[in-house]
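Here's the structure we're looking at; comments come further down.
Remember, it's a predicted structure, so these values are computed and weren't measured experimentally.
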Amino acid sequence: MLTGKRVLICVLFFPIGLFAKSIEVIEIFSQSPPENLSPKIEYRYLENKFQHCKPETLLSLDSMEWHQNTSEVVRVPRNNSGNWLRFRIVNLSKHPVIRTLSLYWLNLPEAELCSIDSKGKYEVFYSGNETSTLFGFRSLLPHFTIQLSPQEEKTYYLFIQTNENIQYPISLLSESDYESQIHIRSAILSFGCLALIVSLLFCGYYYLKTKRKLFITLPILFISISLTIYFLHGKEFSSIFKSDHSILRHSFFLFLGMTHLSFFLYLASWSIEEEGTTHRSPFFGISGLLGLFYPLIVSFDFWYENRIWILIINYGVMIHYFYKIHSSLFVFRSYSEICYIGSWAVFFLFSVFKTVFQFEFYPYNWLSAYGIIFYIPIFFIVSSFLARKVTNKWAVEKILLKRSHLTSVDVNACIENLMRLLKRERIYLKQSLKEEDVAKEIGITVHQLSEIINTEFKTSFPSLLNQYRVEEAKFLLIENPNETTSHIAKLAGFSSRSSFYLEFKKATGSNPNNFRKTNPFY
């Protein structure tokens, strides 16, 4: 465990040759603003056999070749034996300076910092995590307290035992800046926890009121997402079990698999809510189990080398089934449905950014690393509220559909009027005929007309018209052998030649031309 306490190991006088190599000097003053040290840091990782801060280790390291990091983020491939970084700081002010060296990543089981001043004085520090936050939590970002006397210059060697490639900035902050950073982190954590609690209460209340399984699987998904983010940015999962097992050290992959599974549970409950059958498909079940491949990435070299395919396949089936099961919402009949689909679309976007970054296929930036953290609290509340609104709208529509529109209508009289319009007035010959026009002519509503046709004729309004139009077309084809089929289609009331051919073949099993040839005396 990292103690967080500054430990003075010894005081040695190293040879002047220790500083023979030229290192870019970082100049600070008593009132210096926060500074990103990443572009001024040197690193080495090849053929590294030295571990931990020791005087003899630094002597050996200093004689080796170092590489200059040139970007705003330290990017160094992970070394199984640990990685070494180096930088030099000088205090140009007339007052002592205290700064906090902050590493912007959590998953570092071990971090040590050594320093040597111009006189050869050697010190070693262990990463601290004992800074209390605004709400009593602890900051788990590795950090070190650096002290420099007036005009003092020191070279620092940072040893990092990391579970992933180094891909994050390293900054030098004042004590007040660091405390502000901790307060912001704790505020974000508190807001996220509050949003999770509110969404869980929403879902719990909705479940008790409606007994819909959707409001059980949705909070399970929220909890899974929250655990994934917390153990990636809040606390090391392996510290709970005091184990260095690869899956526990790389908890992101473990919880990513759990989130994948819980996402498919949510999809299954939504499919049930819509009375769909997609969730019964064996391919749907297999797609949900694909999340089991995520933990394999850190367990076997083969899966690690091919992790990009796991990423593509898993997110591919997630998006595919999300669209398939929510297809009715993509019609965008209401603002609630638009907002619901939109909230999920943004979630997928940030989730893909985060996963691609964690899989080391995308460079560090604030959006990919932290975008989902800021969005998740909003997503939890919005999606749970809108899920209730959308499903409630469906429930109302189902109730309305069950209620007959014909309780106050003389059905027989309506049927007689409809048959008069079809047989005597031949209204089907009008290409632009609408159901609203017929309903108005009869003196009933569109819903009432639709229900009469559905219940009495066992078909729909367009199909009923097409039946009469096909019969008319049969007669016209025989009576007008020299007329083109396109003209016949228009005379029979069809709006296009293609729809005429489709409906004619559906009704007769033959196209108009063949019908004309085989039935010359129809």
Side-chain angles (χ1 to χ4, degrees), residues 1-26 37-71 73-89 101-129 141-146 153-170 172 236 238 244 246 249-250 301 360:
M1 290 293 292
L2 302 178
T3 64
K5 297 180 180 179
R6 177 181 173 182
V7 181
L8 177 62
I9 301 296
C10 58
V11 178
L12 297 173
F13 290 91
F14 282 77
I16 299 300
L18 189 62
F19 296 107
K21 303 282 185 180
S22 176
I23 306 175
E24 184 175 359
V25 178
I26 302 165
L37 304 185
S38 303
K40 299 178 181 179
I41 286 179
E42 294 183 328
Y43 65 90
R44 65 166 292 98
Y45 62 93
L46 295 176
E47 300 177 358
N48 177 29
K49 59 182 179 180
F50 303 104
Q51 292 183 311
H52 307 294
C53 285
K54 301 175 185 177
E56 57 271 21
T57 296
L58 301 190
L59 280 171
S60 300
L61 286 173
D62 194 61
S63 62
M64 296 181 178
E65 181 182 358
W66 289 75
H67 307 273
Q68 182 70 40
N69 185 65
T70 57
S71 67
V73 174
V74 179
R75 292 193 177 98
V76 184
R78 174 182 176 273
N79 187 291
N80 291 330
S81 301
N83 292 77
W84 284 96
L85 306 176
R86 183 173 72 170
F87 54 93
R88 182 179 293 179
I89 302 177
L101 183 73
S102 179
L103 284 62
Y104 285 80
W105 205 244
L106 171 69
N107 209 2
L108 303 175
E110 194 168 359
E112 299 176 16
L113 181 69
C114 325
S115 71
I116 303 173
D117 63 15
S118 56
K119 297 179 180 179
K121 182 180 178 181
Y122 166 81
E123 288 180 300
V124 61
F125 313 83
Y126 294 105
S127 172
N129 60 2
L141 285 179
H143 63 280
F144 303 89
T145 300
I146 290 177
E153 181 178 318
K154 290 183 180 180
T155 301
Y156 291 90
Y157 295 79
L158 179 60
F159 175 74
I160 300 175
Q161 194 73 264
T162 178
N163 293 325
E164 302 153 350
N165 287 350
I166 299 174
Q167 192 179 199
Y168 44 81
I170 297 177
L172 201 60
E236 284 185 313
S238 59
D244 289 332
S246 60
R249 285 191 293 108
H250 299 84
D301 291 338
E360 299 167 356

Minimum heavy-atom separation for [X] and [Y], please, with both atom names.
{"X": "Ile89", "Y": "Tyr156", "answer": "CD1-CE1, 4.1 Å"}
{"X": "Glu42", "Y": "Arg86", "answer": "OE1-NH2, 2.6 Å"}
{"X": "Phe50", "Y": "Phe159", "answer": "O-CE1, 4.0 Å"}
{"X": "Val74", "Y": "Ser38", "answer": "CG2-OG, 3.6 Å"}
{"X": "Tyr122", "Y": "Cys114", "answer": "CE1-CB, 3.9 Å"}
{"X": "Tyr168", "Y": "Tyr104", "answer": "CB-O, 3.7 Å"}

**OP:** Only counting residues at least two apart or in another chain, list the ones meeting side-chain contact (heavy atoms from CB on, under 4.5 Å) with Ser71.
**Re:**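 For Ser71 the side-chain contact (heavy atoms from CB on, under 4.5 Å) partners, ignoring immediate neighbours, are Asn69, Val73, Arg75.
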Original post:
Short question: side chain of Asn165, backbone of Gln167 - any donor-acceptor pair under 3.5 Å?
Top reply: no
Original post:
Is there a donor-acceptor pair closer than 3.5 Å between any side-chain N or O of Arg44 and the backbone N or O of Trp84?
Top reply: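 Not at all, since once roles are kept as given, no pair shorter than 3.5 Å links the two residues.
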Original post:
Any salt bridge between Glu153 and Arg88, counting N to O under 4.0 Å?
Top reply: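 The answer is yes: the pair qualifies as a salt bridge.
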Subject >> side chain to side chain donor-acceptor pair (under 3.5 Å) partners for Thr57, two or more places apart >> reply: none
First locate atom [atom1] of [X], then atom [atom2] of [Y], and finally report the distance between them rounded to the nearest 0.5 Å.
{"X": "Lys154", "Y": "Ser118", "atom1": "NZ", "atom2": "OG", "result": "10.0 Å"}
{"X": "Phe87", "Y": "Ile170", "atom1": "CZ", "atom2": "CD1", "result": "7.0 Å"}
{"X": "Leu103", "Y": "Leu85", "atom1": "CG", "atom2": "CG", "result": "8.0 Å"}
{"X": "Gln68", "Y": "Glu24", "atom1": "CD", "atom2": "CD", "result": "6.0 Å"}
{"X": "Ile160", "Y": "Ile166", "atom1": "CD1", "atom2": "CD1", "result": "4.5 Å"}

Original post:
Within a strict 4.5 Å, meaning less than it, do heavy atoms of the Phe125 and Ile146 side chains meet?
Top reply: no
Original post:
Should Thr155 and Leu58 count as side-chain neighbours, where that means a heavy-atom distance under 4.5 Å?
Top reply: no
**OP:** Any chance you could lay out the side chain to side chain contact (heavy atoms under 4.5 Å, CB included) test for Ile41 and Leu158, step after step, and finish with the verdict?
**Re:** CA-CA 10 Å; Ile41 286 179; Leu158 179 60; over 6 Å; no
Subject >> Identified side-chain hydrogen bond (donor to acceptor under 3.5 Å, both in side chains) counterpart of Glu112 within the set Lys54, Gln51, His52 >> reply: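 Among Lys54, Gln51, His52, the one that satisfies the side-chain hydrogen bond (donor to acceptor under 3.5 Å, both in side chains) with Glu112 is His52.
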